[in-house]
Protein chains: 2
Amino acid sequence: MTTPAASPAHTAWHDTDEAECRHASKLLEVVGQRWSPSILLALGRGVERFGEITAMTTGLSARMLTLRLKQLEAAQLVERIVIPTTPVTIRYRLTAQGQDLMDALHSVAGYVQRWKVDEPETGATALPPA
Amino acid sequence: MTTPAASPAHTAWHDTDEAECRHASKLLEVVGQRWSPSILLALGRGVERFGEITAMTTGLSARMLTLRLKQLEAAQLVERIVIPTTPVTIRYRLTAQGQDLMDALHSVAGYVQRWKVDEPETGATALPPA
DNA sequence: CTGGATCCCTATCGATACTG
DNA sequence: CAGTATCGATAGGGATCCAG
């Protein structure tokens, strides 16, 4: 019942090593930090400039952006590129690793579509898709 | 254009609706909360009792577990089942929705494997898999 | 065993002001 | 434009005690 049909190439959680579960947990906690998803999404969509991210993300302050960017850099998900123009231009991009993560993560987009996740209001949605 | 008509496996982020991106972000922020991944993992592996989760998760207090469990219930990911034994037995289980999310999320297990994410120590890993 | 209620400390976050 | 520094408010989270 759990698997509809044809288990693909990916590993089920049951078969996942304890250590890897821990790493996955930590990773989710980093990625799940406030603003992180928005920032990663922006980068994934090609936005590369500090100011653009700030502008397009309502409520995000420069301070937080700097902070998150550093963390995401530390997590090897984002790289900071300094271009010696005048004044200096700085671009942020997903690393290959970061891109891969976004790739893995877009299956949650499918989840969101399937379950039409919404705010806990009215009666919410609680019916299986099919 | 928003409806790409029966996207095969999954939708790329570029093709993902803004609203859905927002929902995905919110979802990740909930799932990424401290302890949430560990709890979901435990539930996904079949652990159902409050005490068991507490015991197997180092550092997790009863308070936090109660809290997260409530949030996850509110997010429709977990259901609380009360069995009128003596004393009352309580089981927590992933809902179909929650199971589906874990399903979607196990692609991050693949990511973790591919990149061997580890603590920033020694020289760390920073090389592409292939 | 499950989980509510407090106390309290700390990390986090937002706003503002300032620099290269 | 791309950050850093500081401050004050708050919420998150741990420890402990208590209750159904």
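When reading the values below, keep in mind they use all heavy atoms of this one structure, side chains included, and skip hydrogens, waters and symmetry mates. By convention in this document, chain letters (A, B, ...) are assigned in the order of the sequence lines, proteins followed by strands, and residues within each chain are numbered from 1. Please read these numbers as outputs of a predicted model, since none were measured by experiment.
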**Study point:** Charged N-O contact under 4.0 Å between A:Arg68 and A:Glu73
**Key:** no
Point to revise | Pairing of A:Arg45 and B:Glu18 as salt bridge, 4.0 angstrom limit | key: yes
Exercise for review: Quick one: label A:Arg63 by what it contacts on the DNA or RNA (base, sugar-phosphate, nothing), any heavy atom closer than 4.0 Å.
Suggested key: base
Practice item. Give one of base, sugar-phosphate or nothing for B:Met64, where a contact means two heavy atoms less than 4.0 Å apart. Key: base
Exercise for review: Please tell me if the side chains of B:Asp103 and A:Trp13 come closer than 4.5 Å, counting only heavy atoms from C-beta onward.
Suggested key: no
Practice item. Please report the C-alpha distance between B:Glu20 and A:Lys116 in whole Å, then the side-chain angles of each, then the deciding distance to 0.1 Å, and finally whether the salt bridge (Lys or Arg N to Asp or Glu O under 4.0 Å) criterion is met. Key: CA-CA 8 Å; B:Glu20 284 169 357; A:Lys116 286 299 176 203; 3.5 Å; yes
Give the rounded distance in Å between these two atoms: [atom1] of [X] and [atom2] of [N].
{"X": "B:Arg68", "N": "C:dG3", "atom1": "CZ", "atom2": "C1'", "value": "16 Å"}
{"X": "B:Glu48", "N": "C:dT2", "atom1": "CD", "atom2": "C1'", "value": "16 Å"}
{"X": "B:Ile53", "N": "C:dT2", "atom1": "CD1", "atom2": "P", "value": "9 Å"}
{"X": "B:Gln33", "N": "C:dA11", "atom1": "CD", "atom2": "C1'", "value": "14 Å"}
{"X": "B:Phe50", "N": "D:dG20", "atom1": "CZ", "atom2": "P", "value": "17 Å"}
{"X": "B:Glu29", "N": "D:dG12", "atom1": "CD", "atom2": "P", "value": "12 Å"}
{"X": "B:Ile39", "N": "C:dG3", "atom1": "CD1", "atom2": "P", "value": "12 Å"}
{"X": "B:Leu67", "N": "D:dG13", "atom1": "CG", "atom2": "P", "value": "8 Å"}

Practice item. Between D:dG14, C:dG14, C:dT2, spot the one nearest the side chain of B:Ile90, thanks. Key: C:dT2
Review point. So which nucleotide from C:dC1, D:dG13, C:dG14 ends up closest to the side chain of A:Arg34?
Key: C:dG14
Practice item. On DNA chain C, check which nucleotide each of A:Val88 and B:Pro87 is closest to and give me the residue with the more 5' one. Key: B:Pro87
Point to revise | Residue whose closest nucleotide on DNA chain C lies nearer the 5' end, B:Lys70 versus A:Leu60 | key: B:Lys70
Study note, to complete from the structure: Per nearest nucleotide of DNA chain D, the residue lying toward the 5' end, A:Arg91 or B:Trp35, is A:Arg91
Practice item. Verify the contact: side-chain N or O of A:Tyr92 to OP1 or OP2 of D:dC1, cut-off strictly under 4.0 Å; return yes or no. Key: no
Exercise for review: Assess whether side chain to side chain contact (heavy atoms under 4.5 Å, CB included) is satisfied between A:Thr54 and A:Arg49, documenting all intermediate values.
Suggested key: CA-CA 9 Å; A:Thr54 307; A:Arg49 305 300 305 276; over 6 Å; no
